[in-house]
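Okay, structure first, notes after.
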Amino acid sequence: MDTPTLVLLPGMDGTGLLFGPLIEALGGRIKTEVTAYPSASPLSYEELLPTVAAALPREAPYILLGESFSGPLAIMAASSNPPNLKALILVATFIRNPVRWLPRCAAALAKPPIFRLSKPFVVAKSVLAGYGSNGVTGLVSKAHSKVTPAVMAARAKAILSVDVEEELKSVKAPLFLLRGASDKVVPRSASREIERARPDIRSFAIPGPHLVLQAAPSQSASVICQIVDVVK
């Protein structure tokens with residue numbers, strides 16, 4: 001069987017730029033396709049889903065990977081059980097609002113002006129989240145600079161109100177979960193919710209922070225290659 005293509009759905013910035021370190025670490029062992037989201041159109045998960053669906057290979061086998069913000073989108077796309085989907089990989093993500101001290105009503109507070117402080121926000125977040133190396137912080141800043149504050153606010157609102165537990169339960173493809181062992185952005189409780197909803201999911205804890213694909217690309221690439229070998 002042909003090696004499946006790895007279709008990558010990005011984090012909250014939606015640019016796909018943050019997959020650079022992982023793609024480099026894969027070294028051509030797996031074909032990758034990065035899906036980017038509109039950078040100037042504030043869209044909900046439901047409104048982004050057609051973009052994801054259009055990016056999925058129609059004829060060739062593929063593995064779908066959703067990182068952080070895109071975990072719910074990947075689950076939504078996989079829940080229709082496309083015939084060529086060989087596996088679903090969820091990375092540092094959640095099936096419902098992972099910030100439990102922020103209720104759904106807090107979505108009203110996610111306003112564009114907050115995200116106009118993009119650069120200092122990214123730097124502070126990088127330090128607090130434990131991935132404040134110059135390389136990763138610079139990459140995050142570059143990605144965030146390409147997205148409008150209105151789009152970032154819309155995605156924050158989407159995170160606070162999402163719930164894809166039932167969609168996750170309907171996925172028939174093999175499931176895998178990767179997380180940074182020291183993730184300070186998406187708590188361990190979010191991964192446990194995924195594991196409770198799907199006890200058959202195979203979980204991997206990689207030493208590293210929330211942006212584990214960027215901070216630990218070699219280790220992440222090794223796990224992904226293992227997954228590909230299992231499902232191809």
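All values below come from the heavy atoms of this structure, side chains included, with hydrogens, waters and symmetry mates left out. The chain is numbered in sequence order, starting from 1.
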Closest approach of [X] and [Y], non-hydrogen atoms and distance?
| X | Y | answer |
| --- | --- | --- |
| N81 | S170 | ND2-O, 3.1 Å |
| A25 | R29 | O-NH2, 2.9 Å |
| V151 | S39 | CG2-O, 3.4 Å |
| A190 | V186 | CB-CG1, 3.5 Å |
| G66 | A74 | CA-CB, 3.9 Å |
| P82 | A78 | CD-O, 3.9 Å |

Subject >> For E24, all residues meeting salt bridge (Lys or Arg N to Asp or Glu O under 4.0 Å), sequence neighbours excluded >> reply: none

Original post:
Between L90, L211, L22, which is the residue that forms a side-chain contact (heavy atoms from CB on, under 4.5 Å) with E67?
Top reply: L211

Original post:
Of V212, D183, L213, which is the lone residue that meets side-chain contact (heavy atoms from CB on, under 4.5 Å) with I206?
Top reply: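 Testing I206 for a side-chain contact (heavy atoms from CB on, under 4.5 Å) against V212, D183, L213 leaves exactly one candidate, V212.
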
If we ignore hydrogens and angles and just use 3.5 Å, is the side chain of [X] paired with the main-chain N or O of [Y] as donor and acceptor?
| X | Y | value |
| --- | --- | --- |
| R155 | M152 | no |
| S80 | M76 | no |
| T93 | S68 | yes |
| N84 | R58 | yes |
| S44 | E47 | yes |
| N97 | A158 | no |
| S220 | A216 | yes |
| S182 | G208 | yes |

**OP:** Test side-chain contact (heavy atoms from CB on, under 4.5 Å) on I227 and C225 and set out the steps.
**Re:** CA-CA 5 Å; I227 293 171; C225 286; over 6 Å; no

Are any non-hydrogen side-chain atoms of [X] and [Y] less than 4.5 angstrom apart?
| X | Y | value |
| --- | --- | --- |
| P50 | V52 | no |
| R198 | V171 | yes |
| T5 | T32 | no |
| P57 | V7 | yes |
| T35 | L8 | no |
| P98 | I159 | yes |
| P38 | L48 | yes |
| L175 | R202 | no |

Supply the atom-to-atom distance [X] [atom1] to [Y] [atom2], rounded to the nearest 0.5 angstrom.
| X | Y | atom1 | atom2 | value |
| --- | --- | --- | --- | --- |
| Q219 | L178 | CD | CG | 11.5 Å |
| L73 | E167 | CG | CD | 11.0 Å |
| L168 | E165 | CG | CD | 7.5 Å |
| K86 | D2 | NZ | CG | 10.5 Å |
| E166 | I75 | CD | CD1 | 11.5 Å |
| I63 | L85 | CD1 | CG | 8.5 Å |

Subject >> ring-ring contact (aromatic ring centres under 6.0 Å, His included) evaluation trace for Y45 with F69 >> reply: CA-CA 9 Å; Y45 277 122; F69 169 82; 4.7 Å; yes

**OP:** Give the C-alpha distance, both sets of side-chain angles, the deciding distance and a yes or no for side-chain contact (heavy atoms from CB on, under 4.5 Å) between L6 and L26.
**Re:** CA-CA 11 Å; L6 182 64; L26 287 170; 4.1 Å; yes

**OP:** Kindly write out the residues that satisfy side-chain contact (heavy atoms from CB on, under 4.5 Å) with R188, not counting sequence neighbours, or none if the list is empty.
**Re:** R179, S191, R192, E195

**OP:** Sequence neighbours left out, what pairs pass salt bridge (charged side-chain N to carboxylate O under 4.0 Å, His left out) with at least one residue falling in residues 33-43?
**Re:** K31-E33

[X], [Y]: one ILVMFWY side-chain cluster at the under-4.5 Å cut-off?
| X | Y | answer |
| --- | --- | --- |
| I23 | I89 | yes |
| L56 | L43 | yes |
| V91 | L17 | no |

Original post:
Tell me, which pairs form a ring-ring contact (aromatic ring centres under 6.0 Å, His included) where one or both residues lie in residues 158-202, sequence neighbours left out?
Top reply: none

Original post:
Can you list the steps and then say if L9 with L65 is a side-chain contact (heavy atoms from CB on, under 4.5 Å)?
Top reply: CA-CA 6 Å; L9 305 184; L65 183 151; over 6 Å; no

**OP:** With sequence neighbours left out, write down each residue that passes ring pair (Phe, Tyr, Trp, His ring centres under 6.0 Å) with Y37, or none if nothing qualifies.
**Re:** none

Original post:
Which pairs with one or both residues in residues 14-23 pass side chain to side chain donor-acceptor pair (under 3.5 Å), sequence neighbours excluded?
Top reply: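 Counting only pairs at least two positions apart or across chains, the side chain to side chain donor-acceptor pair (under 3.5 Å) contacts touching residues 14-23 are D13-T15.
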
Original post:
What do you reckon, is NZ of K146 surrounded by more than 12 foreign heavy atoms closer than 6.0 Å?
Top reply: no

**OP:** Apply side-chain contact (heavy atoms from CB on, under 4.5 Å) to E193 and R96, showing your working.
**Re:** CA-CA 9 Å; E193 281 193 328; R96 60 176 61 88; 3.2 Å; yes

